[in-house]
Structure formats: C-alpha cells, structure tokens
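Heads up: the structure comes next, in structure tokens.
Residue numbers begin at 1 in each chain, while the letters A, B, ... track the order of the sequences.
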2 protein chains.
Amino acid sequence: MSIETDIKQKKFRSPFQKLALNLVYTTKWLEYKQLESFKEHDITPQQYNVLRILRGQQGNPIKVSDITERMLDKSSNTSRLVDKLLAKNLAKRTSCESDRRAVDVVITEEGLDLLKVLDPFIEDWENRFNIISEAEAEQISALLDKLRENENQA
Amino acid sequence: MSIETDIKQKKFRSPFQKLALNLVYTTKWLEYKQLESFKEHDITPQQYNVLRILRGQQGNPIKVSDITERMLDKSSNTSRLVDKLLAKNLAKRTSCESDRRAVDVVITEEGLDLLKVLDPFIEDWENRFNIISEAEAEQISALLDKLRENENQA
DNA sequence: ATACATTTAATGTATTAACATCTATTGGCA
DNA sequence: TGCCAATAGATGTTAATACATTAAATGTAT
C-alpha cells in the first residue's frame with residue numbers, strides 16, 4: 001500500500017518530505033513486524049542487536065563502548081542491555097586485563113543457540129525484500145548513505 | 001559515510017540485509033537529529049506527529065481513533081499523547097455529539113503557533129535531502145511502498 | 001426490548017528509554 | 001611523582017512506551 005493511503009495524506013510538500021515520512025513509517029513497520037518474532041523469545045530488538053554484534057566477534061571479547069559504536073541505535077544504554085543478557089545467560093562479562101575501567105563481553109553457547117533459533121525468522125524477513133531486485137536494494141542503500149552525508153552541515 | 005563504516009560491519013548476508021539495517025540506522029539517525037529541534041520546544045516526535053495531523057484537519061475536529069490511523073507509529077497511545085498536548089494548551093478536546101464514546105480533538109492557536117516555529121527546522125531537514133534528486137526520492141518512496149506490500153504473506 | 005459483542009477512549013502497570021550524575025581508572029604533563 | 005582532565009561503565013531519576021484491562025456507548029441479532 002502506498003504511503004499516501006497508509007497515513008491518509010494526499011499531498012506532500014515535496015518528494016523529500018514524502019521520503020522522510022516514508023522512511024520513518026517503513027522502519028516502524030519493519031521493527032513492529034520483527035518484534036513479533038523477538039517477543040516470543042523474550043528478547044528486545046536492542047538486545048538482539050547486541051547479541052548479533054557479540055556473535056560477529058567470533059569468540060573474541062568486545063568492550064561495552066565498542067558494542068555501542070556498532071549498534072544501530074547508538075544512544076542506547078549498552079551497559080543495561082548487557083545486564084539483561086547476563087541475567088538470561090546469553091552473555092558473559094569479565095573485567096578487561098589491559099584496562100580495568102573496561103569490561104569484556106562474550107556471547108555464551110546459550111546466546112548462540114538463541115540466535116540460531118531466531119536466524120530463520122530474520123532471514124525470512126530480509127528475503128521478503130526480494131520483491132525488489134538486488135540492484136535496487138543496493139541502490140537504495142547507496143542513496144541512504146548519501147542522505148546521511150551532510151550530517152555536520154549548517 | 002557508508003553503513004559499513006557506520007556500524008563497522010564489512011560484509012552482509014545479502015543486499016536485502018544491508019538495506020534492512022540501513023533503513024533502521026538511517027531512520028534512527030534522522031529521528032535523533034530532529035529530536036534536537038523538538039526538545040528545545042518541549043515536545044516529542046510523537047506529539048509533533050499528532051500536531052501535524054491536527055493542523056492538517058484545517059479547523060475540523062478529528063477523533064482520537066482517526067488520529068491513530070494517520071500516525072507514523074500506529075502503536076502509540078494516542079489518548080495520552082493528546083493529554084500531553086492538552087496540558088500544554090496546544091490542543092482542545094470536546095466530546096463528540098454524534099458518538100458519545102468518541103472524543104473530538106482540535107488544534108489551538110498556541111498549537112498552530114508552535115508548528116509555525118518548528119516548520120523551518122523541519123523543512124530545513126527535508127531540504128537537506130535534495131543531495132539526491134527529486135526523481136531519486138520518488139523512486140525510493142515507491143520501492144519502500146513495495147517492500148511493505150507483502151505484509152500478510154506467509 | 002434485551003442480551004451480547006464491538007467500538008472508543010481512558011487507565012493501570014511494568015518495562016524501557018533518555019539524560020544526568022557518580023565512581024573508578026587511565027593518560028598526559030608539569 | 002602528583003595533579004587534573006578524559007574515559008569507561010554503572011547507577012539514579014524521570015518520562016515515555018508497550019501491553020492489558022476497564023468503562024461507557026453503540027451496534028446487532030434474536
């Protein structure tokens with residue numbers, strides 16, 4: 001369904017306004033859909049994001065601040081997110097030898113198992129995107145990168 | 001900056017995964033940037049969304065449930081959002097004659113004034129999008145619409 | 001007309017988020 | 001070395017969100 005129909009707005013100030021609204025709307029839609037898979041396994045999208053980052057480390061520990069850097073939502077409170085993962089035995093936390101302020105985080109077997117369960121759901125969602133072509137997906141990604149370019153402009 | 005650099009992930013499972021992550025990342029980025037304008041005026045993005053919908057009514061009252069239908073985030077608690085707007089005298093609430101379950105909401109002069117102050121900031125943000133062409137913006141919008149098409153698929 | 005399901009909005013509650021503050025540790029430099 | 005700013009992460013607090021429940025009004029079918 002078109003964004004016009006979805007939010008019942010017939011006219012937009014410009015194609016750029018329409019795009020901005022469509023970006024927010026489509027992302028909320030995507031997050032809401034994925035949330036359904038997550039909540040069955042008692043995990044939030046943010047916690048999932050952290051778990052994926054931990055798995056990407058392939059066994060190597062990573063500092064909390066480095067997790068934050070890689071997150072989609074960099075404003076989140078990673079310290080508390082890790083707390084939640086610890087409480088569920090999905091991650092381990094050990095103090096960092098070289099810098100005693102820092103904390104090393106590693107995913108547990110249980111965490112890897114959970115991701116294995118979630119993987120097919122997420123992949124299924126991503127695969128639904130092949131209603132557009134790979135080239136189109138790449139092109140949108142490139143244009144999104146471009147939109148974020150002038151971040152520090154006046 | 002490319003999404004690869006921003007989230008420090010070199011490889012993606014597919015262009016579709018990359019697009020999914022880029023959509024979420026870019027939208028968080030956009031929301032965060034706009035938040036800076038909003039919080040100076042003691043308003044949240046959701047409250048702003050409601051105000052814009054109210055202004056779009058051009059003086060006609062609109063029911064709470066109809067506001068929800070038009071919101072970007074349809075899962076939000078519109079009743080409480082309207083409460084907040086009322087507390088700040090940005091909106092008025094009157095009971096609906098034809099259906100006494102419903103509640104009619106109208107924007108106040110003060111609400112219109114606030115939007116007038118915020119308009120230039122929002123327009124400025126949207127205009128930064130003209131780093132891509134209008135045609136490209138339309139094209140992305142069309143592709144986003146397409147992504148949401150197979151909503152009720154297996 | 002009555003009973004019952006549906007709709008509309010408000011509210012209760014628990015979780016999460018946003019933002020500032022605090023503590024411990026480190027690094028740089030006089 | 002001793003001092004101070006910077007960094008890392010934890011924590012406190014307030015507000016917002018998500019989800020379920022409640023209450024009133026309406027629609028519908030018998």
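The side chain of A:Lys84 places an N or O atom within less than 4.0 Å of a non-bridging phosphate oxygen (OP1 or OP2) of C:dT16. In terms of phosphate contacts, A:Arg100 brings no side-chain nitrogen or oxygen within less than 4.0 Å of OP1 or OP2 of C:dG27.
Here the P atom of nucleotide C:dA18 and the NZ atom of B:Lys33 are 15 Å apart, to the nearest Å. Distance, B:Ile43 CD1 to D:dA15 C1': 15 Å, rounded to whole Å. Atom-to-atom, CD of B:Glu69 to P of C:dT8 comes out at 9 Å; the value is rounded to the nearest Å. Atom CG in A:Asp42 sits roughly 17 Å away from atom P in D:dA18 (whole-Å rounding).
For the 3.5 Å distance criterion, the side chains of A:Ser65 and A:Thr68 fail to qualify, holding no donor opposite an acceptor. In the model, A:Asp73 has no side-chain atom that pairs as donor or acceptor with a side-chain atom of A:Asn49 under 3.5 Å. Checking B:Gln47 against B:Lys88 by side-chain atom types alone, a donor-acceptor pair falls below 3.5 Å. Side-chain N/O atoms of B:Gln139 and A:Glu136 include no donor and acceptor closer than 3.5 Å. Donor-acceptor pairing under 3.5 Å is lacking for the side chains of B:Ser95 and B:Arg100.
With a 6.0 Å radius and a threshold of 12 heavy atoms from other residues, nucleotides or ligands, B:Glu36 has its CD atom above the threshold.
Positionally, the nearest nucleotide of DNA chain D for A:Val82 lies more toward the 5' end than for the other of A:Leu35 and A:Val82.
In terms of polar N and O atoms assigned as donor or acceptor, the side chain of B:Arg101 comes within less than 3.5 Å of the base of C:dT7 in a complementary pairing.
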Considering only nitrogen or oxygen atoms on both sides, find all protein atoms under 3.5 Å from nucleotides 11-14 of chain D and state each distance.
unit_1, atom_1, unit_2, atom_2, d
D:dT11, O4, A:Asn77, ND2, 3.4
D:dG12, N7, A:Arg80, NH2, 2.7
D:dG12, O6, A:Arg80, NH1, 3.0

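Contacts between residues 45-55 of chain A and DNA chain C, defined by a heavy-atom separation under 4.0 Å, are made by A:Gln46.
At a threshold of 4.0 angstrom between heavy atoms, the contacts of B:Thr44 are confined to the sugar-phosphate backbone, with no base atom among them.
Distance from the side chain of A:Asp99 is smallest to C:dT26 among C:dT26, C:dT8, C:dA9. The side chain of B:Val103 approaches C:dA10 more closely than any other nucleotide in the set C:dT8, C:dA10, D:dA8.
Using cut-offs of 30° and 60° for the angle between ring planes, the B:Phe38 and B:Tyr48 rings count as tilted.
Residues A:Leu30 and A:Phe129 come closest through the heavy atom pair CD1-CZ, 4.1 Å.
Across B:Ile62, B:Leu114, B:Leu54, a single residue satisfies side-chain contact (heavy atoms from CB on, under 4.5 Å) together with B:Ile107, and that is B:Leu54.
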